[in-house]
A.B. asks: 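Handing you a structure now.
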Amino acid sequence: MNAPSPRARRTARLAATAGAAALGAGLFALPAYAQAPVPVDVVHPSSHLITADGAELEGSLTVVFGDDFAEGEHDVTAVFDLAPSTGVVYWADNDPSYGGCGPDATTGLLHCSAEDADRTVDFSYMYAAEPEAAPGEHPYTITIAVDGETVLTVDETMEVVAPTDGLAYWHSDIAFDGVEPGSTVQVSPEFLQEGPLPTDTVAVVVTVRGADYLSNGLARPVADYDNCLAEEYAVVYCAVTDFPDEQGTAFTFSDPVGIDVDAAAPGPMNVCGCSYTVEALDQQMLDDWFGGVFWDEGSANLFGIEPVADPGSEFVDSYAGYIDVGTAEHPYDLAVSDGTVKGGKGDEVKTEVDVRNLGTAAAPAVFDGPGSYALIVDLPAGVEPVAAEAVGEWSYCEDDAADYFRDTMPDADLDGADVVCLFEAMGPESDLAFELTVKVTDPGADADGSVQVVAFGNPDYPGDLDADQANNTAVLRLDGDGSGALPKTGSSLTWILTGAAAALVVGIALFVATTRRRKGGGDAAE
């Protein structure tokens with residue numbers, strides 16, 4: 001069954017209903033007197049159904065002109081006549097850097113402006129329906145003008161709906177420990193129907209999402225049921241139309257959703273900071289998300305929800321529940337070997353440093369910055385760095401070590417570091433080569449250097465996953481009688497990663513600050 005994903009269906013509906021059609025589709029009114037350049041396309045992918053709860057929404061309007069529009073020579077405006085009396089309000093700054101839109105000081109109507117506009121004009125704004133807004137449909141128009149001359153009007157309708165009284169479902173957390181890599185965890189968390197379902201509920205949708213902070217894809221939800229869809233980004237949706245409505249009752253999945261754990265996942269490590277939600281949908285939402293019922297309702301292979309006779313979970317008034325999956329012990333083993341720099345005085349020579357993963361587990365990407373691991377090179381005495389090339393898609397080098405490296409790699413010896421190379425990940429039983437170009441300044445020097453491979457993080461996250469720390473450091477020697485001189489074309493290493501490395505530190509700090517754990521919010525399961 002190759003049904004489009006909910007994301008694809010929502011995108012398609014926006015394109016169909018929000019003004020993305022061609023001029024001749026009947027959505028636009030074109031003044032007969034217009035002489036200024038006329039848009040060839042208008043896209044308004046903003047919600048036309050909002051809840052009167054004051055929640056901030058982001059809106060946008062894209063106006064596309066043709067070849068007759070001279071860029072930088074026209075001012076473009078768009079005015080929305082949806083009055084504040086409807087309860088729909090706008091706010092923003094008319095500054096172009098903030099979208100160019102804002103409410104008119106006198107009328108409160110949304111006014112967007114772009115001076116010396118490009119051929120494609122992108123406006124953005126913030127809006128909301130206030131809690132006292134009256135439910136109903138509110139027709140309005142968007143008037144688009146070029147240099148003060150109206151060239152197009154777009155007819156739209158905003159529907160305001162009353163908010164529900166809190167969440168219908170409360171969630172619990174669930175955790176699994178000691179899971180073997182390569183296995184599948186069967187997940188059936190408990191959740192509570194705290195409030196009544198809205199009277200227009202036609203389906204209950206269970207959504208299970210993959211890790212919400214890990215970027216390594218070591219665990220993915222799977223649900224092989226006819227009324228479930230999987231999206232590319234580790235998300236599973238299951239729509240249930242035959243649902244019980246019993247306020248105050250705890251429920252669980254009638255059949256489990258699987259969490260596949262990659263066979264190369266290291267451990268012990270929390271490889272799935274996953275989550276799930278349970279939501280009530282009306283017919284419009286079911287159509288928006290899935291295009292309606294996309295399965296045979298008489299099928300014997302349907303996902304469902306069922307009451308729990310004796311619930312053992314703590315339920316929390318939250319939008320989502322968490323699913324943590326911790327792996328059994330399965331270390332990687334990063335290692336480096338001794339190396340030699342060969343060359344005479346003044347020679348620029350190349351030497352290769354190899355990082356190996358000797359383990360059967362991957363060293364995965366665990367941070368969103370420029371890398372999760374680093375090779376640190378302290379060159380021998382009598383040698384200075386010229387250039388470094390990291391052979392790998394996500395590998396970077398620079399020629400010094402500053403405070404941000406010290407903050408993120410507390411166990412690393414950075415006092416004498418000449419080159420730091422970052423890399424994102426390594427597969428099991430794999431190699432990664434780094435090529436260093438150096439200049440020999442004193443072939444008689446006899447103080448050895450070193451190479452060291454380190455993992456970012458700490459014992460709490462991602463944990464101690466390297467099987468053998470003893471092979472993480474090796475000796476780098478200078479052989480002043482050796483050969484291998486290169487043409488003197490090397491250029492001095494530059495600081496190419498200052499911003500990226502700083503972002504890495506910020507990412508680690510943010511992770512520590514936002515790591516979500518609600519203690520006692522679920523039962524551990526085996």
Side-chain angles (χ1 to χ4, degrees), residues 5-20 27 42-63 77-105 107-114 121-144 154-168 198 200 205 207 209 212 233 235 237 277 279-290 318-320:
S5 72
R7 178 177 294 153
R9 291 189 180 277
R10 293 196 293 274
T11 301
R13 181 175 181 271
L14 286 173
T17 64
L27 293 179
V42 174
V43 183
H44 186 213
S46 305
S47 176
H48 293 166
L49 177 68
I50 59 176
T51 302
D53 57 6
E56 298 181 0
L57 298 174
E58 295 182 4
S60 64
L61 175 70
T62 299
V63 184
T77 59
V79 178
F80 295 57
D81 73 348
L82 186 61
S85 60
T86 62
V88 178
V89 296
Y90 300 94
W91 65 98
D93 192 325
N94 289 99
D95 188 315
S97 62
Y98 291 95
C101 297
D104 182 270
T107 66
L109 301 181
L110 183 66
H111 185 278
C112 302
S113 177
V121 182
D122 293 310
F123 294 120
S124 62
Y125 55 91
M126 302 294 294
Y127 66 112
E130 296 179 316
E132 60 270 18
E137 295 186 353
H138 305 284
Y140 68 100
T141 61
I142 305 172
T143 301
I144 300 170
V154 181
D155 295 321
E156 301 280 17
T157 299
M158 177 71 73
E159 182 178 358
V160 178
V161 296
T164 57
D165 295 328
L167 295 172
D200 56 357
V205 172
T207 305
R209 295 178 172 83
D212 57 1
Y233 298 103
V235 180
Y237 300 92
T277 59
E279 303 170 85
L281 269 61
D282 60 25
Q283 186 64 55
Q284 185 65 61
M285 296 173 68
L286 183 66
D287 292 342
D288 289 350
W289 287 30
F290 304 104
S318 67
Y319 176 72

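Quick note: numbers below take in every heavy atom, side chains included, and nothing from hydrogens, waters or symmetry partners. Bear in mind the structure is a predicted one, so any value in this text is a computation, not a measurement.
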A.B. asks: To the nearest 0.5 Å, what is the distance between NE2 (His138) and CG (Asp81)?
C.D. replies: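 The CG atom of Asp81 is 13.0 Å from NE2 of His138, to the nearest 0.5 Å.
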A.B. asks: Is a donor on one side and an acceptor on the other found under 3.5 Å between the side chain of Thr51 and the backbone of Asp53?
C.D. replies: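 Not a single qualifying donor-acceptor pair exists.
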A.B. asks: Hey, does Val161 have a side-chain heavy atom less than 4.5 Å from the side chain of Pro135?
C.D. replies: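 Of all side-chain heavy-atom pairs linking Val161 with Pro135, none is under 4.5 Å.
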A.B. asks: Would you call Glu58 and Met126 a side-chain contact if the rule is heavy atoms closer than 4.5 Å?
C.D. replies: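 Yes, side chains in contact.
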A.B. asks: Let me confirm one number: the CZ-OH distance from Arg209 to Tyr237, rounded to the nearest 0.5 Å.
C.D. replies: 5.5 Å
A.B. asks: Answer whether the closest heavy-atom distance between the side chains of Leu57 and Tyr127 falls below 4.5 Å.
C.D. replies: yes
A.B. asks: Could you tell me whether the side chain of Thr141 and the main chain of Thr143 form a donor-acceptor pair under 3.5 Å?
C.D. replies: no
A.B. asks: On a heavy-atom basis, which atom in Cys101 and which in Phe123 lie closest, and how many Å separate them?
C.D. replies: SG-CB, 3.4 Å
A.B. asks: Please round to the nearest 0.5 Å and tell me the distance separating atom OG1 of Thr86 and atom CD of Glu130.
C.D. replies: 9.0 Å
A.B. asks: Where is the tightest heavy-atom contact between His111 and Thr77, given as atom of each residue plus distance?
C.D. replies: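 Nearest heavy atoms, His111 then Thr77: CE1-CG2, 4.2 Å.
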A.B. asks: Less than 4.5 Å apart, side chain to side chain, heavy atoms only: is that true for Tyr140 and Val88?
C.D. replies: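 No. Closest side-chain heavy atoms not under 4.5 Å.
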A.B. asks: Please report the shortest heavy-atom distance between Ala280 and Pro198, naming the atom on each side.
C.D. replies: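 Shortest heavy-atom separation between Ala280 and Pro198 comes out as CB-CD, 4.1 Å.
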A.B. asks: So, for Ala52 and Val160, which heavy atoms are closest and what is the spacing to 0.1 Å?
C.D. replies: CB-CG1, 3.9 Å
A.B. asks: Where is the tightest heavy-atom contact between Pro103 and Trp91, given as atom of each residue plus distance?
C.D. replies: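 Result for this residue pair: CD-CA, 3.8 Å.
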A.B. asks: Could you tell me whether the side chain of Asp122 reaches within less than 4.5 Å of the side chain of Ser124, counting heavy atoms only?
C.D. replies: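 A side-chain contact is absent here, since even the closest heavy-atom pair is not under 4.5 Å.
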A.B. asks: Which atom pair, heavy atoms only, marks the closest approach of Ser318 to Ala320?
C.D. replies: OG-O, 2.8 Å
A.B. asks: Check whether any side-chain heavy atom of Gln283 sits under 4.5 Å from a side-chain heavy atom of Asp200, and report yes or no.
C.D. replies: no
A.B. asks: Any chance you could measure Thr207, atom OG1, to Glu279, atom CD, to the nearest 0.5 Å?
C.D. replies: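 Going from the OG1 atom of Thr207 to the CD atom of Glu279 covers 5.5 Å.
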A.B. asks: Do Phe80 and His44 come within less than 4.5 Å of each other through their side chains, counting heavy atoms only?
C.D. replies: yes
A.B. asks: Would you check if Leu110 and Leu82 make a side-chain contact, meaning some heavy-atom pair closer than 4.5 Å?
C.D. replies: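 Side chain of Leu110 against side chain of Leu82, heavy atoms only: no contact under 4.5 Å found.
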